[in-house]
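Inspection log for the structure reproduced underneath, given as structure tokens.
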There are 2 protein chains.
Amino acid sequence: MSITARSIETKTGSTPIAFPPSMIGNQKTSPLTTFAGGAEIYVPGEQAGNLYEVEFGAVRLHRLLSDGRRQVIAFYLAGETFGFEAERSHSFFAEAMVPTGVRISRQPDGQASPELLILALRGMMRAQEHLTVIGRQTAVERIVGFLLDMANRQGSLNHFDLPMSRLDIADYLGLTIETVSRVFAKLRAAGLIKLQSVRCVQIKDFQALGGLCA
Amino acid sequence: MSITARSIETKTGSTPIAFPPSMIGNQKTSPLTTFAGGAEIYVPGEQAGNLYEVEFGAVRLHRLLSDGRRQVIAFYLAGETFGFEAERSHSFFAEAMVPTGVRISRQPDGQASPELLILALRGMMRAQEHLTVIGRQTAVERIVGFLLDMANRQGSLNHFDLPMSRLDIADYLGLTIETVSRVFAKLRAAGLIKLQSVRCVQIKDFQALGGLCA
DNA sequence: CGGCCCTTTGATTCATATCAACGGTTGTGG
DNA sequence: CCACAACCGTTGATATGAATCAAAGGGCCG
């Protein structure tokens, strides 16, 4: 069964609750801030400058067009860092998709730490690779690629939780919720995956799935 | 009329010809290397580590899928810099689209210069914004946005050259060459642009075009 | 002048979106 | 403890924007 934290003290507003490090047990890191599923972490226009490292849970970055169309730019899982921007203020929404804990640190102001450069370069590469997915791949290719990426990022288990809804997946891959659902059904019918629950995917045939990627 | 350099000493191979600075007249910058239109500047797998600043001409970065589908990741015009990567080796093809001169400098090895960080963050932001274009915009929105972007980057002239072919534009925007051609025709028929030649666009109505963007 | 390549235009097809309805799960309140 | 409501996901029918297939112009170079 899928395990999702549901009893963690969380918040739905936008003012982080910071627990002192002593409460967490790790004296060296910044305090842990938690967010309820659906809670905004920051919004476009808000001043940037913090780095957010996901301790547990999952975060999405997205942008809205004026008529409501939405593009999810990236997902961040446990251990991953987000929040750095080229501009002074944020360009995207950052929202927790499930109960999530992040460690917030001040981005060295105007300083170019090697770590931040690596993050920026990797972020650029990820976005550039995602361009090919959205620009040139079919619905099946996009979703198979997405599932394999998720499996990798969760430690290459053949069995993992999707912390995001079908709508989030659709908006990440440039598809609709119905298309996502249909492709999942097709992969299941072909015996390539198994849905232990709506949010919990088991990969039955890595090799065959790999063959469906571009 | 459109002005395109055609008589410059260029090369079609992949070994840059470096002119000593004294030949160029600027003693402070790195030597100028020129490439013929269509010439490869680097290919995937090649060792990365150089920065390339476009002096004149235009470069495209692209990637190929195994079956030949192509995604153009970015265009670089005069004054813009490319070539930085998260990995040790290049992930993309870089090709001159027209006769092009670049200044190549060694990327400070493992060093995190503020300039490089800015480039990386801006590159990330550009790619992320392009995701929304490709993932959620219509053919007309993509092309109008592209034309306005090109106008901006060439100094907001209402009259500029496109250094790339229709195929390049299509592969950049996730469309086909035919769709690009039809949208151009439509914009021309609506009196919003004028094609002085295939490669030279005149913007007739910035405001109306802006209204067509998402 | 002739050939090649790029672009345009037209006819048709197709993948995915849209519209519509149903099903399953979760959480709540009587 | 059960009934209901809300939400999310699935499935089906139809519509449509862009792709594909096809062929006919230009412009440039040899």
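- As rounded to whole Å, 19 Å separates atom P of C/dG24 from atom CD of A/Gln196.
- Put simply, CG on B/Leu195 is 14 Å from P on D/dG26, counting in whole angstrom units.
- Looking only at atom types and distance, the side chain of B/Glu53 has no donor-acceptor partner in the side chain of B/Ser105 under 3.5 Å away.
- Heavy-atom minimum distance, B/Gln137 versus B/Ala214: OE1-CB, 3.7 Å.
- The side chain of B/Leu175 sits closest to D/dA19 out of C/dA17, C/dT7, D/dA19.
- Distances shorter than 4.0 Å separate none of the side-chain N or O atoms of B/Thr179 from OP1 or OP2 on D/dA18.
- Contact of A/Arg182 with D/dG9 (side chain to base): no donor-acceptor pair of N or O atoms is detected under 3.5 Å.
- Among the atoms of the strands shown, only primed sugar atoms or phosphate atoms (P, OP1, OP2) are found under 4.0 Å from some heavy atom of B/Ser165.
- For the pair B/Ile134 CD1 and D/dG17 P, the computed distance is 20 Å after rounding to whole Å.
- Between A/Ser181 and A/Arg136, the one whose closest nucleotide on DNA chain D sits nearer the 5' end is A/Ser181.
- Between B/Tyr42 and B/Tyr52, the distance separating the two ring centers is shorter than 6.0 angstrom.
- A side-chain contact (heavy atoms from CB on, under 4.5 Å) with B/Leu61 is found for one member of B/Tyr76, B/Tyr172, B/Phe93, B/Phe75 and no other, namely B/Tyr76.
- A/Arg142 places its CZ atom 7 Å from the P atom of C/dT16, with the value rounded to the nearest Å.
- Protein atom CZ of A/Arg166 is 9 Å distant from nucleotide atom C1' of D/dC8, rounded to whole Å.
- Distance CZ (B/Phe184) to P (C/dT9): 12 Å, rounded to an integer number of Å.
- The CG-P distance, from A/Leu173 to C/dA15, rounds to 19 Å in whole Å.
- Mapping B/Ile177 and A/Val180 onto DNA chain C by nearest heavy atom places B/Ile177 at the nucleotide closer to the 5' end.
- What separates CD of B/Glu178 from P of D/dG17 is a distance of 18 Å, to the nearest Å.
- Heavy-atom minimum distance, B/Arg70 versus B/Asp168: NH2-OD1, 2.8 Å.
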